[in-house]
Amino acid sequence: MGRLLIVSNRLPVTVHRKRGQLHFEPSAGGLATGLSSFYRSYNALWIGWPGVDRKDSVATKDEVKEKLLKDNCYPVFLSQKEVDEYYGKFCSTTIWPLFHYFPQYASYSQSSWHAYESANRTFCDAIVEVWEQGDTIWVHDFHLMLLPQMLRERLPDPTIGFFLHIPFPSIELFRLLPWRTEIVNGLLGSDLIGFHTWEYAGHFLASVRFLLGYDSWMGKIVAGDRISRVDAFPMGIDYERFAGTAIKPEVEKEVDKLDRSFKDRRVVLSVDRLDYTKGILRRLQAFGQFLEKNPQYRQNLTFVLVVVPSRTMVARYALLKRQIDEMVGAINGKHGAIGWTPIWYMYRSVPFPSLVALYRRADVALITPVRDGMNLVAKEYLASRIDGRGVLILSETAGAAKELGEALTINVNNDDDIVNALKHALEMPEGEQAERLRIMQRRLRRYNVQRWAEDFIETLMATSRLQEDMGVKTLGTQTRRKLVKCYQQAHRRLLFLDYDGTLVSFVSRPEKAVPPQEVLDLLSTLASEPGNEIVLTSGRDKETLDNWFGHLPVSKIAEHGVWLRPRGTEQWEMIGPLTAEWKDEVRPILELYADRTPGSFVEEKDFSLVWQYRRSDSRLGELRARELVLHLEGLTTNLDLQVLEGNKVVEVKNSGVNKGRAALRWLAAEEHDFILAIGDDWTDEDTFKGLPDSAWTIRVGLTSTAAKYNISSHNKVLALLHELQAPED
Ligand code: ADQ
């Protein structure tokens, strides 16, 4: 593998100018702290904005670039105006509130959207500058959601992963975004899209289905001729860094200092960036109530509230800061006493050893975000508790709650819940604290940030290999030319062509899929070519096929192989003796499912019954399809029936009837020196399997198949059939 190019809005170092000198400092925030230890141990280059204005002098930018490159970082220079529009507006006041379920705070402006697009393009340019064949690109977070698709358009076959550090909201929220389709398309440029939890991944898949109509299977989305994989990777922390620092003498000294300040008091701690999603005001309110309801803790308890300044240029954050100041003042004023301040409020970034000392000294960590993608502070607190004591209180709406089952979880909107959890935590026996910690620590130590990143990269590589395998099966230009050549050199040609999904795309009502003139002309020309036999292999009833294709010199297979009609014959033949009495027993069951599933209906054919759910909500449809198949299984064994799950259909018909068996009729009739079969669903698999090895078999859609090749859409099938008659060269 070549290098790993990590791309994020901010670099892990930020450049400041102080008295004419450039200063390089570590950046704040979960992504920077989480990944910075990982990338230094890897053959990686981190690409991002260092905080330097594009309009700065060339000399300054050169100096920044040179220094950053020594630390394997590569700068993307943005102008202050761009940053204000793209980061300050679109990222901070559109995406951030909407994705954290604060739609009332979200604003939508066309100009900031354009700035977002343009900033993503600037990042794209920078990556194109440094990318070399073999490099893997890993894009991070909501600032760069258009970047994967932009990169795919500019680079030859890149491997691209994307990880979203914040929640992906439910479709009900996401659809409010005017540029929702662009965002989803941007993300689908990735081979792998990672989220902290399966819940977020599920929301994304639902949006893809809703906006673009692409279904997914086991987290894989087939979009055009590519596969994107979606999966959950709960981000870990650098566990040993916290556990190791917690026992360092400098931290011991800090803890002693804290002990002298707090004396014997119990300590509750919270650490957050300044943000309304972190639930700081609700937490303070609940703490005030706790003191009121539990006077025994007055004088005996200190709440250390650490808030790191963030997005101070956004008005809402400035307002929040004021509200926190006021509430802290009010609670301290109301409950405080000489020698005791209930809340210790620190509004600043805390140096690492001091942060770990605070984690070590705190009896309880009170982490109550309203929404949080993951929340690393919760994990850092647990890793620092080397003494086996300490209790974590955590909102159920933080991604971390999904894996930290031994924490005390609360609903942040329920003050009583927080008050009770605080009491529970402060009174929890030490044995229980140790047991809960042990279980959570074991998990965090194992799935640390290193493991998380490796897991992501390994999955990305596996997805990219899958893409290559698909590539091998996809009917490429070379193979297509060979196929066309074989066709032309042959004298007796047999072509099995499925109709729905193969020659035309699916429509919601089957009776509306009337063949377009282009398809009729194409079939007519192909069928009148000397030496050609065209067999239409359809699941439709024979009357429809006669209506549509009766005037063409083609053979037909109807109802997935129940009926055959060789060209030039007057009548349909039935394959074997079939019965239809069973329909009276099965029909009511299908009708029940049609009633329970809006948009679905039952279609009746001579010897089969079909439940169609193409127009239903696809998740509900799939769920019901599974239920229906189970429901029918018991019944059909006695009746010699088979139940088939096709493309948005469940079909019940007599056993032993399939397109493959019907196709034998033409194979047995005479020798052919060219055989081609094209179909889009698994009822065509029987045809593929039944044909001799020399046959060309093609499945429409990029799914696994017994066919030799895949082709991405019905349009490509039509193009291929046109080419048979008029080769490109
Ligand atoms: P953040 O919203 O920044 O991250 P979080 O996961 O809690 O939230 O990470 C904050 C980081 O900043 C922690 O590593 C913490 O130690 C550090 N930090 C916080 N306050 C500090 C202070 N006062 N002084 C020094 N350091 C401080 C985003 C998402 C999260 C997601 C992360 C990682 O919003 O949901 O967990 O990315 O994906």
Side-chain angles (χ1 to χ4, degrees), residues 6 8-10 12 14 25-38 91-92 95-97 99-102 138-143 162-169 194-197 199-200 232-239 241-242 245-246 254 269-280 304-311 317 321 324 344-360 362 365-384 392 394-395 397-404 444 448-449 452-453 456:
I6 297 177
S8 68
N9 176 47
R10 298 302 294 253
T14 301
E25 285 170 12
S27 305
L31 200 171
T33 34
L35 262 184
S36 51
S37 40
F38 163 79
C91 292
S92 301
I95 297 294
W96 182 268
F99 280 40
H100 284 89
Y101 293 73
F102 282 83
W138 188 6
V139 182
H140 288 265
D141 228 358
F142 63 103
H143 319 86
F162 180 93
F163 190 84
L164 187 71
H165 289 260
I166 64 173
F168 194 93
F195 298 89
H196 282 305
T197 71
E199 203 174 22
Y200 309 153
F233 302 87
M235 186 173 178
I237 55 164
D238 186 350
Y239 189 93
R241 180 162 176 249
F242 284 88
T245 307
E254 289 261 359
L269 171 72
S270 74
V271 176
D272 317 82
R273 273 187 314 97
L274 176 73
D275 205 294
Y276 51 84
T277 61
K278 303 286 183 185
I280 302 172
V304 180
L305 177 74
V306 182
V307 179
V308 64
S310 164
R311 301 185 195 161
Y317 288 72
K321 162 79 173 58
I324 295 173
W344 262 39
Y345 173 33
M346 292 188 241
Y347 177 64
R348 59 186 157 87
S349 184
V350 180
F352 187 63
S354 314
L355 183 70
V356 177
L358 278 170
Y359 287 150
R360 262 202 56 186
L366 183 59
I367 318 272
T368 61
V370 182
R371 285 278 162 179
D372 213 337
M374 172 53 70
N375 194 294
L376 298 180
V377 170
K379 295 185 171 181
E380 294 168 1
Y381 172 71
L382 295 171
S384 308
L392 171 65
L394 184 60
S395 284
T397 40
K402 294 271 179 292
E403 13 160 9
L404 303 176
L444 293 179
N448 59 15
V449 70
W452 166 79
F456 184 92

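Any value given below was found using the heavy atoms of this structure, including those in side chains, with hydrogens, waters and symmetry copies removed. Read the numbers this way: they start at 1 and go in the same order the structure lists the ligands and their atoms.
Expressed to the nearest 0.5 Å, how far CG of Leu305 lies from CG of Leu366 amounts to 9.5 Å. Rounded to the nearest 0.5 Å, atoms CD (Glu403) and CG (Leu394) are 10.0 Å apart. Taken to the nearest 0.5 Å, the CZ atom of Phe456 stands 6.0 Å off from the CZ atom of Phe233.
Annotation: Val350 places an N or O atom under 3.5 Å from an N or O atom of ligand 1; distance criterion only. The N/O atoms of Val307, backbone and side chain alike, include none that comes under 3.5 Å of an N/O atom in ligand 1. Between Ile166 and ligand 1, no N or O atom pair is found at a separation short of 3.5 Å.
In this structure, of Glu380, His165, His100, the residue bringing a heavy atom nearest to atom 15 (C) of ligand 1 is Glu380. When the heavy-atom distances from atom 8 (O) of ligand 1 to Arg273, Lys278, Met346, Met374 are ranked, the shortest goes to Lys278.
Heavy atoms of Val377 found under 4.0 angstrom from ligand 1 belong to the backbone as well as the side chain. Counting heavy atoms under 4.0 Å from ligand 1, residue His140 does not touch it at all. With a heavy-atom cut-off of 4.0 Å, Tyr381 does not touch ligand 1 at all. The proximity of Leu355 to ligand 1, defined as any non-hydrogen pair under 4.0 Å, is limited to the side chain. Under 4.0 Å from ligand 1, the heavy atoms of Met235 that appear belong solely to its side chain.
Under a 4.0 Å criterion applied to the non-hydrogen atoms of Ser349, ligand 1 contributes the atoms 23 (N), 24 (N), 25 (C). Of all atoms in ligand 1, numbered sequentially from 1 with element shown, those under 4.0 Å from a heavy atom of Val271 are 19 (C), 20 (N), 21 (C). Within ligand 1, counting atoms from 1 as listed, the ones closer than 4.0 Å to a heavy atom of Trp96 are 34 (O). Residue Val306 has at least one heavy-atom neighbour below 4.0 Å for each of these atoms of ligand 1: 23 (N). The contact set between ligand 1 and Gly373, taken as ligand atoms under 4.0 Å from a residue heavy atom, comprises 35 (O). Below 4.0 Å from some heavy atom of Arg348 lie the following atoms of ligand 1, by number and element: 23 (N).
Every side-chain hydrogen bond (donor to acceptor under 3.5 Å, both in side chains) that Asp272 has, sequence neighbours left out, goes to Arg283. Residues passing the side chain to side chain contact (heavy atoms under 4.5 Å, CB included) test with Arg371, sequence neighbours excluded: His100, Tyr101, Thr397.
Cation-pi geometry between Arg360 and Tyr381 is not met: the NZ or CZ atom fails to fall both under 6.0 Å from the ring centre and inside 45° of the normal.
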request  = Just do the side chain to side chain contact (heavy atoms under 4.5 Å, CB included) check on Met346 and Val304 with the steps written out, would you?
outcome  = CA-CA 8 Å; Met346 292 188 241; Val304 180; 3.7 Å; yes
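Look at Phe99 and you'll find every heavy atom at least 4.0 Å from all atoms of ligand 1. Ligand 1 lies within reach of His196, whose nearest heavy atom is under 4.0 Å from it.
For Phe168 and Phe99, the distance between ring centers is under 6.0 angstrom. Ring centroid separation for the pair Tyr276 and Tyr317 comes in under the 6.0 Å cut-off.
Relative orientation of the His196 and Tyr200 rings is perpendicular, given thresholds of 30° and 60° on the angle between their planes. Aromatic ring orientation, Trp452 versus His140: tilted (interplanar angle from 30° to 60°).
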